[in-house]
Amino acid sequence: MKHLAVLIAATALVIVAPTPATAGRACAGYVGLTFDDGPTPGNTTALLDALRQAGLRATMFNTGKNVEANPALARSQVAAGMWIGNHSWDHPFMTQLPEAEQAAQISRTQEVIRQVTGVTPALFRPPYLDTNDALRAVERRFGLTEINADVDAKDWDNASVDEIVAAVGRLGDGDVILLHDWPPNTVAAIPRIAADLRERGLCAGKISPVTGRAVAPHTRALTGVHTVGRLDDRGAGVRYTWPGVYFEGRFRGTSVGIVLDDAVNDYDVQIDGKAAATLVTPGRTTHWIRDLRPGTHTVRLAKRTESPWTPGQFGGFTGDLLGRPAARSRQIEFIGDSWTAGYGNTSTNRDCSATGIDRNTNADQSFGALTARALGADYQLNAWSGMGLVRNYDGGNPTVDYRTYYDRALQAADESGWDRPATWRPQTVVIGLGINDFSTPVHPGERWPDEAALAADFRAAYLAFLDKIRQQYGHRTQIVLTYPSLWNTTALADSVQQVVAERTADGDHRITALHYDNDALGLDLQGCDWHPSAHDHQLLAGALTAHLTTLR
């Protein structure tokens, strides 16, 4: 038995994970036992006792109203080693509600569960299994994965103990069964459920927020995986929004699976350094790469597209996995806008209105990714198209700018800050901000009366931002401020050069400027909306790589 101490509202709860029903035997597979509608006085305690005695763990899909009314019972679920999911506030038919009320049902329940138990649910079960695409979109806004059921035990419809046990008998590896917290027959069936699972070599598992399938309780998406991206690590799955996030692994055999839940982004897959697949908005899936030659291989998954409002989820690689690939000794952080994100770089036509920006974007072939690979470095692309240092493109969305989001793990999807690991300490930071600040004229009504005032504000903000970078990474990190030629003004170039001169005068001798001279480099800007093309990104990477090799 494992005892984990959790402090909730100054009260210590001892979480007791039940001894598995197959203790001493290997699990041939995992099933998800789920109990809806709790916690309820008079039955939840009996259910938890039965589950503990049987050595079973389960996911309790609670309504917010019941958690609020019975906080001690909700905490007892956590203390018994159960997992907690969101089942709406008061069990309505969710698809019959307007979007605002759907969001209120979900958010209110998330908050009361967090306040009462200290747990933030990652799973949502719609009441009556009533759902549609619009509801799922609302769920995703709260970082929730929808869980329905492979088997309905019908205990809500007065199913007998025999019928409930028979329903459990239909479960296979990864399957999820719908049960309820309140029926007495469900509690009475627990010993026989445990016996059935034990006889078939199945164990009660945790439901993965990436696949929606039951997995081993301690499965972690990043086991054996190398990554340096900004992530929200939820154990069985990791969420992310920043472009270019990548995951690398090693495996033995002729196939490897890639576990994803992402209906928004595109990905590139490489096996042994060579292109193997492009996954376009794959959804919830395990994508297999098969028919490889026998032996040891590497696998790399890279996010091509931007999704500042909608996280993607990676659930790990699956197969005969080997140890985690070694981290590279060099690290580079790229900070910027659409140029750094690779916006529209795979297009050969500046007009991408027919095909869309996402389908023509590949952050993994941006100049930052190319430069890092040329120098054998791990890297982050912390970029957001249209964002400026103090002014966004054409003066849009004036209440925020790039600095609003820089410290976050999930950009606009979650305000939580990124918990930077001690292992991320880049030797080089390359900043490419300012195009959006100056590429369009200041309009009447903006807070700057003219370009000179904008430039002064820009320089002050840049100096403060560089102070932040220095505080994070220390005085030894090389900082490179990049800027392209703008057709309409020299204000960006002049401002960057003044910032570098002022920092240098103050004794910061590890800061330089690099001008991307469009004409001298021969940029064609044939990407979407006059952005750098794939050919241009190679030229930019060449210029940046050459500059970085001169720094000491």
Side-chain angles (χ1 to χ4, degrees), residues 230 241-245 303-309 332-347 350 352 357-358 360-371 379-408 411-412 429-442 454-455 457-459 461-462 465-466 468-469 479-489 491-493 495-496 499 513-516 518 523 525 527-534 536-537 540-541 543-544:
R230 295 189 174 195
T241 60
W242 295 97
V245 171
K303 179 175 179 282
R304 293 169 56 118
T305 42
E306 294 187 73
S307 59
W309 291 275
I332 306 176
E333 180 172 336
F334 297 91
I335 295 170
D337 47 37
S338 54
W339 279 45
T340 303
Y343 178 105
N345 59 345
T346 64
S347 177
R350 290 167 178 158
C352 297
I357 303 303
D358 286 346
N360 289 287
T361 293
N362 189 350
D364 202 43
Q365 294 300 317
S366 66
F367 69 83
L370 295 172
T371 298
Y379 62 93
Q380 291 181 356
L381 301 180
N382 298 324
W384 191 338
S385 295
M387 285 287 174
L389 190 65
V390 296
R391 179 177 184 264
N392 303 323
Y393 178 75
D394 206 26
N397 206 5
T399 61
V400 297
D401 53 48
Y402 181 87
R403 295 169 297 165
T404 308
Y405 304 99
Y406 170 70
D407 293 321
R408 297 184 186 179
Q411 290 172 278
V429 175
V430 179
I431 306 177
L433 292 169
I435 298 174
N436 293 305
D437 299 81
F438 294 104
S439 61
T440 56
V442 176
L454 169 62
D457 197 8
F458 178 85
R459 290 192 298 272
Y462 218 147
F465 188 66
L466 292 173
K468 174 196 286 283
I469 298 299
I479 301 176
V480 181
L481 311 188
T482 66
Y483 61 97
S485 306
L486 294 183
W487 66 274
N488 60 321
T489 182
L492 173 58
S495 294
V496 170
V499 166
L514 174 62
H515 176 212
Y516 295 135
N518 299 7
L523 304 184
L525 301 181
C528 297
D529 302 323
W530 290 80
H531 278 76
S533 64
D536 291 345
H537 276 274
L540 292 167
L544 179 57

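Computed from a predicted structure; not experimentally measured.
Looking at P484 and W339, their side chains come closer than 4.5 Å, going by heavy atoms from C-beta outward. Side-chain contact between F458 and L492 is present, with heavy atoms from C-beta onward closer than 4.5 Å. Q380 is not listed as a side-chain neighbour of W242, based on a closest heavy-atom distance of 4.5 Å or more. P243 has its side chain out of reach of T305: every pair of non-hydrogen atoms, C-beta onward, lies at least 4.5 Å apart.
Taking the six-membered ring for Trp and thresholds of 30 and 60 degrees, Y343 and H531 have ring planes inclined between 30 and 60 degrees apart. Ring geometry for F367 versus H537: interplanar angle under 30°, hence parallel rather than tilted (30 to 60°).
Taking both residues in full, the closest heavy atoms of L381 and A363 are given as CD1-O, 3.5 Å, listed atom of the first, atom of the second, then distance. Nearest heavy atoms, N360 versus C528: CB-SG, 3.7 Å. In terms of heavy atoms, D337 sits closest to A383 at O-CB, 3.4 Å. When all heavy atoms of R350 and L525 are compared, the pair lying nearest together is NE-O, 2.8 Å. The two atoms that bring I357 and C352 nearest to each other are CD1-CB, 4.0 Å, heavy atoms only. Across every non-hydrogen atom of W487 and S439, the tightest pair is NE1-O, 4.2 Å.
Without hydrogens or angle criteria, N345 side chain to N362 main chain gives a donor-acceptor distance under 3.5 Å. Side-chain atoms of E306 come within 3.5 Å of backbone atoms of S385 as a donor-acceptor pair (strictly under, hydrogens ignored). The backbone N or O of S307 lies less than 3.5 Å from no partner atom in the side chain of Q411, so there is not a single donor-acceptor pair. Side-chain atoms of K303 come within 3.5 Å of backbone atoms of T241 as a donor-acceptor pair (strictly under, hydrogens ignored). Between the side chain of N488 and the main chain of F438, a donor-acceptor pair closer than 3.5 Å is present. A side-chain donor-acceptor contact under 3.5 Å links T361 to the backbone of G344. Remark: side-chain polar atoms of R391 are paired, donor with acceptor, to backbone N or O of D437 under 3.5 angstrom. Using modelled atom types, one side-chain atom of T482 and one backbone atom of I431 make a donor-acceptor pair closer than 3.5 Å. The main-chain N or O of D394 is found under 3.5 Å from a side-chain atom of T440 such that the two form a donor-acceptor pair.
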Listed pairs under 3.5 Å, donor-acceptor, residues 396-403 side chains, sequence neighbours left out:
from	atom 1	to	atom 2	distance (Å)
D401	OD1	R403	N	2.9
D401	OD1	R403	NE	3.3
D401	OD2	R403	NH2	2.8
Y402	OH	N382	O	2.5
R403	NE	L389	O	2.9
R403	NH2	L389	O	3.4

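I469 CD1 to Y462 OH: the interatomic distance, rounded to the nearest 0.5 Å, is 9.5 Å. In this structure, I332 CD1 and Y379 OH are separated by 10.5 Å, a value rounded to the nearest 0.5 Å. Of the inter-residue distances, the one linking D536 atom CG with L523 atom CG reads 4.5 Å to the nearest 0.5 angstrom. Taken to the nearest 0.5 Å, the CG atom of L481 stands 11.5 Å off from the OG atom of S495. Atoms CD1 and OG1, from I335 and T340 in turn, are 9.0 Å apart once rounded to the nearest 0.5 Å. From H515, atom NE2 reaches atom OH of Y483 across 5.5 Å, with rounding to the nearest 0.5 Å.
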For this session: Output, in order, the C-alpha distance, side-chain angles, deciding distance and verdict of side-chain contact (heavy atoms from CB on, under 4.5 Å) for W384 and T404.
Result: CA-CA 11 Å; W384 191 338; T404 308; over 6 Å; no
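Not a single ring-ring contact (aromatic ring centres under 6.0 Å, His included) links Y393 to another residue, sequence neighbours left out.
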